[in-house]
Amino acid sequence: EPTMHGEILSPNYPQAYPNDVVKSWDIEVPEGFGIHLYFTHVDIEPSESCAYDSVQIISGGIEEGRLCGQRTSKSPNSPIIEEFQFPYNKLQVVFTSDFSIEEQFTGFAAYYTAIDVNECTDFTDVPCSHFCNNFIGGYFCSCPPEYFLHDDMRNCGVNCSGDVFTALIGEISSPNYPNPYPENSRCEYQIQLQEGFQVVVTMQREDFDVEPADSEGNCPDSLTFAAKNQQFGPYCGDGFPGPLTIRTQSNTLGIVFQTDLMGQKKGWKLRYHGDPISCPKESTANSNWEPDKAKYVFKDVVKITCVDGFEVVEGHVSSTSYYSTCQSDGQWSNSGLKCQPVYCGIPDPIANGKVEEPENSVFGTVIHYTCEEPYYYMEHEEGGEYRCAANGRWVNDQLGIELPRCIPVCGVPTEPFQVQQK
Amino acid sequence: IFGGQPAKIENFPWQVFFNHPTAGGALINEYWVLTAAHVVEKNSDPSMYAGITALRLADLENAQRLYTKRVIIHPGWKEDDDLNPRTNFDNDIALVQLKDPVKMGPKFSPICLPGTSSEYNLSPGDMGLISGWGRTEKRLHVINLRGAKVPVTSLETCKQVKEENPTARPEDYVITDNMICAGEKGVDSCKGDSGGAFAFQVPNVKAPKFYVAGLVSWGKKCGAYGVYTKVKNYVDWILKTMQENSGPRKD
């Protein structure tokens, strides 16, 4: 159990200590205290570097001292021969003796007490980001006005997070801008616009002054934007290093401004506005868009009309046009629909004639009907050519959709009747 | 056919054979056969074959049988009086509508109808073809189709023909402008050839092409001059009748 003070005596003290002894003491005082260890008697076999018999003082695994020989107080008013002070609350003392035939030694007597440590000044590492307050057995950190102590009870920061901007246009700046921003802070802002608008951030280069990057390019203080799946930044330096206009393609944007303890600068100021999400003006084949605009934005509706000979097929229904709406995600609805050539199907057969099987029966395809010559002829001379028309029918210039007729050839015998003269 | 010679159906692919009584007809399109009224006046369902040269039973079995849908006799045809021999063959023309269309080919092919222009007017001496399986000089009827080339002559010639065994008075025979007289000594149509086409070449066309100028109708005797129904006078009736009786087109 930690104690506030204690005594350590070598074996058999004040009698001579035995040979071949190794004995250690683990000293522990309450946390927040250091240890004052002092020796009032030292009578240990002397040797070079105390190589034979010794008492070692070890703190944190490091030997802080090693004693041997006979020591006496240097001050007549004090019994203390040797003393140590440690800002830690644990210490190990190890006594070692080897075999010796020489005269006998009485060992050592030492005492320790818990002493107060000034955590604010006794250590290299500063325990508090701002104000350090020492008290007996501990310390506490405190913060300047407008700052608050973080949960780690050591660091102070400003309360700069939580602002949510929903207006379609606005301005955001770092705390205290244009005065130096607070150190050791993490400011998180949110821009949340209604669906269908994308956040567009505009920044003046001179409105940005953040502690520049180190030699490895890491920003000690940084401004970062995050939208959907993309991140812009981190940015730092004197003058905004990123694009002066950032189109996020998202209606929400997270802004994080992170600072460390050092090097506060002027900070930054940005403007944003909501830009209606635009949908790309796609050049869909074989169709016309109405209205035809250079730019389409959220909620715009276009009527896409297939050009002659093309149709859009949805399930079993075909039509010559369809509607598409610019959606909040910048995509067109019904984008899967396409104008495709009208299909005229397999041409109907005719009696006493034939039609060649077309490779495809789509708009513009031309087929030819023929009659079974020489016994039939086509009723209309130019009636054999049909074209797959925009209405999905096979159409002839003369007959329209009517099929050609093959008429029997009359009056032509296969073999002429030869009258034999007698 | 008197004075004729053997022919093949390929020479007269429009020739239709009528059985019971033996007679002929002319195919004028896929659905219609033109014949003489007296051939079908007592037979509303004639038995017909097309595409045959010889009338052997085996040939008939392989021939294309034509089935009658309806028989339409010219309204000007006077019905037969059984008690007297027929002496009036005016309007001796009829149409037989077929149930099924004839598939044309080398043995089945229609003959053209005459045009109505004056080019289709026949003059004495114009030569036409007749064909049939009817009586010859030697036989009452023949197995193989026969054909002959006969000249047109004046109606007066036919009027002057004398019967060897008259069954009626010569003045009783009616001869009208609806008839064509044709033939020459020894070349003629005869019994059994009735209804067959009297075919002439279409005027002013390069390739030979025949139209039905007449139908074998009657004669006072065989072997000289015969009387044929003048089809040109009936073209309007033929076309009108076919149009009125054509059902919905099957193609």
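Chain naming here is simple, since letters A, B, ... match the order of the sequence lines and numbering starts at 1 in each.
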May I ask you to check whether over 12 heavy atoms, not counting those of [X], lie within 6.0 Å of atom [atom1]?
X        : atom1 : value
B:Lys149 : NZ    : no
B:Arg70  : CZ    : yes
A:Asp308 : CG    : no
A:Asn229 : CG    : no
A:Glu356 : CD    : yes
A:Glu195 : CD    : no
B:Lys240 : NZ    : no
A:Arg393 : CZ    : no

**Prompt:** Relative to chain B, which segment of A:Val412 carries a heavy atom at a distance below 4.5 Å: side chain, backbone, both, or neither?
**Reply:** both
**Short side-chain to backbone donor-acceptor contact, B:Ser109 and A:Val409, under 3.5 Å** = yes
**N/O donor-acceptor pair under 3.5 Å between B:Gln5 side chain and A:Gln418 backbone** = yes
**Item:** Any B:Lys103 side-chain heavy atom under 4.5 Å of A:Asn352 side chain
**Value:** yes
**Request:** Give me the contact list for residues 197-213 of chain B versus chain A, heavy atoms only, anything under 4.5 Å, ordered by residue number.
**Result:** B:Pro208, B:Lys209, B:Phe210
**Option that, when pairs with chain A are counted at under 4.5 Å, heavy atom only, ranks first among B:Pro13, B:Gly147, B:Gly105** = B:Gly105
**Request:** Working to the nearest 0.5 Å, report the span between CE of B:Met104 and SG of A:Cys371.
**Result:** 12.5 Å
**Message:** Quick test of your reading: applying ring pair (Phe, Tyr, Trp, His ring centres under 6.0 Å), list the pairs with at least one residue in residues 333-369 of chain A, sequence neighbours left out, ordered by first then second residue.
**Reply:** A:Tyr369-A:Tyr386
**Item:** Closest heavy-atom pair and its distance - B:Pro110, A:Pro408
**Value:** CG-CB, 3.6 Å
**Prompt:** Between A:Phe417 and B:Ala7, what is the shortest heavy-atom contact and its length?
**Reply:** CE1-CB, 3.5 Å
